[in-house]
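Below is one structure, written out as structure tokens; the observations come after it.
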Amino acid sequence: VESGELDGEKLNAWLGELLRDRGPDIFRMKGILNIAGEDNRFVFQGVHMLFDGRPDRPWKSNESRKNELVFIGRHLEQMNLAERFRACLVGQRS
């Protein structure tokens, strides 16, 4: 779980690289994301190198806009997922 808004281009580049390079080690992933400039939550899921993501319902006014991701796989600690994800936040350097 991480607060903040995501830079959609940085996020797309990171996920593409992650799936291309480490897809076989990712058994399952899913999440809800807060993309900068979007009024709707973005939901995604994936298995190995397959990825499906789309806008979901609008964020509720009393709802905390946060990012929640779950990864299940092998060698995940070697992927630096948290650090690489945080680099996708608005205002962060890649």
Side-chain angles (χ1 to χ4, degrees):
V1 176
E2 187 76 33
S3 61
E5 293 184 319
L6 292 165
D7 179 312
E9 289 182 20
K10 288 180 182 179
L11 178 69
N12 191 41
W14 172 61
L15 285 173
E17 178 184 326
L18 180 66
L19 294 175
R20 182 185 67 241
D21 297 344
R22 304 303 296 263
D25 290 331
I26 299 173
F27 303 149
R28 178 102 167 89
M29 65 178 178
K30 63 181 181 175
I32 300 168
L33 304 174
N34 180 23
I35 308 291
E38 297 294 329
D39 293 327
N40 291 1
R41 303 175 339 154
F42 186 85
V43 296
F44 75 93
Q45 63 178 338
V47 177
H48 295 294
M49 299 171 96
L50 301 176
F51 179 89
D52 180 48
R54 60 183 53 121
D56 189 39
R57 66 167 171 79
W59 290 97
K60 295 177 182 175
S61 60
N62 63 344
E63 186 175 25
S64 176
R65 289 187 172 214
K66 60 185 174 185
N67 303 286
E68 298 181 48
L69 296 89
V70 175
F71 287 84
I72 300 169
R74 63 179 167 230
H75 311 299
L76 297 178
E77 64 283 348
Q78 298 170 2
M79 295 182 203
N80 299 321
L81 295 172
E83 179 183 328
R84 306 260 337 262
F85 175 77
R86 287 185 192 111
C88 298
L89 293 168
V90 171
Q92 298 296 312
R93 292 186 178 177
S94 300

* Partners meeting side-chain hydrogen bond (donor to acceptor under 3.5 Å, both in side chains) with Q45 (sequence neighbours left out) -> none
* Quick one: salt bridge (charged side-chain N to carboxylate O under 4.0 Å, His left out) pairs with a partner in residues 27-36, sequence neighbours left out? -> none
* **Residues in side-chain hydrogen bond (donor to acceptor under 3.5 Å, both in side chains) contact with E9, at least two apart in sequence or another chain** => none
* **Non-hydrogen side-chain atoms of M29 and L19 separated by less than 4.5 Å** => yes
* To do: List, by chain and then residue number, the residues other than V1 in its hydrophobic cluster (Ile/Leu/Val/Met/Phe/Trp/Tyr, side-chain heavy atoms under 4.5 Å); write none if there are no others.
  => none
* State, to 0.1 Å, how close K10 and C88 come at their nearest heavy-atom pair, and which atoms those are. => O-SG, 3.6 Å
* To do: Identify, with sequence neighbours excluded, every residue that meets side-chain hydrogen bond (donor to acceptor under 3.5 Å, both in side chains) alongside R74.
  => D25
* Asked: What pairs with D56 under side-chain hydrogen bond (donor to acceptor under 3.5 Å, both in side chains), at least two apart in sequence or on another chain?
  -> R41
* To do: Can you tell me which residue pairs pass the salt bridge (charged side-chain N to carboxylate O under 4.0 Å, His left out) test with a partner in residues 76-85, sequence neighbours excluded?
  => E17-R84
* Asked: Listed by chain and number, what are the side-chain contact (heavy atoms from CB on, under 4.5 Å) partners of P24, not counting sequence neighbours?
  -> M49
* F51 and I26: CA distance, side-chain angles, deciding distance, side chain to side chain contact (heavy atoms under 4.5 Å, CB included) verdict -> CA-CA 11 Å; F51 179 89; I26 299 173; over 6 Å; no
* Asked: In the hydrophobic clustering (ILVMFWY, side-chain contacts below 4.5 Å, transitive), which residues join L50, or is it alone?
  -> none
* Asked: For the side chain of N67 and the backbone of E2, is there at least one donor-acceptor N/O pair under 3.5 Å apart?
  -> yes
* **Point-to-point distance, once rounded to the nearest 0.5 Å, from CG of N80 to CG of L18** => 11.0 Å
* Report the residues that fulfil salt bridge (Lys or Arg N to Asp or Glu O under 4.0 Å) with R57, sequence neighbours left out, ordered by chain and then residue number. => E63
* Minimum heavy-atom separation for W59 to I32, with atom names? -> CH2-CG2, 4.2 Å
* Exercise: identify the closest heavy-atom pair between G4 and L89 -> C-CD2, 4.0 Å
* Asked: Taking only residues two or more places apart in sequence or in another chain, which ones pass side-chain contact (heavy atoms from CB on, under 4.5 Å) with A13?
  -> none
* Check ring pair (Phe, Tyr, Trp, His ring centres under 6.0 Å) between F71 and all other residues, then give those that pass, not counting sequence neighbours. => none
* Asked: Looking at CZ of F27 and NE2 of H48, how far apart are the two atoms once the value is rounded to the nearest 0.5 Å?
  -> 6.5 Å
* Single-linkage hydrophobic cluster L33~V43, side-chain heavy atoms < 4.5 angstrom -> no
* To do: Using a 4.5 Å cut-off on heavy atoms from C-beta on, say whether the side chain of D7 contacts that of W14.
  => no
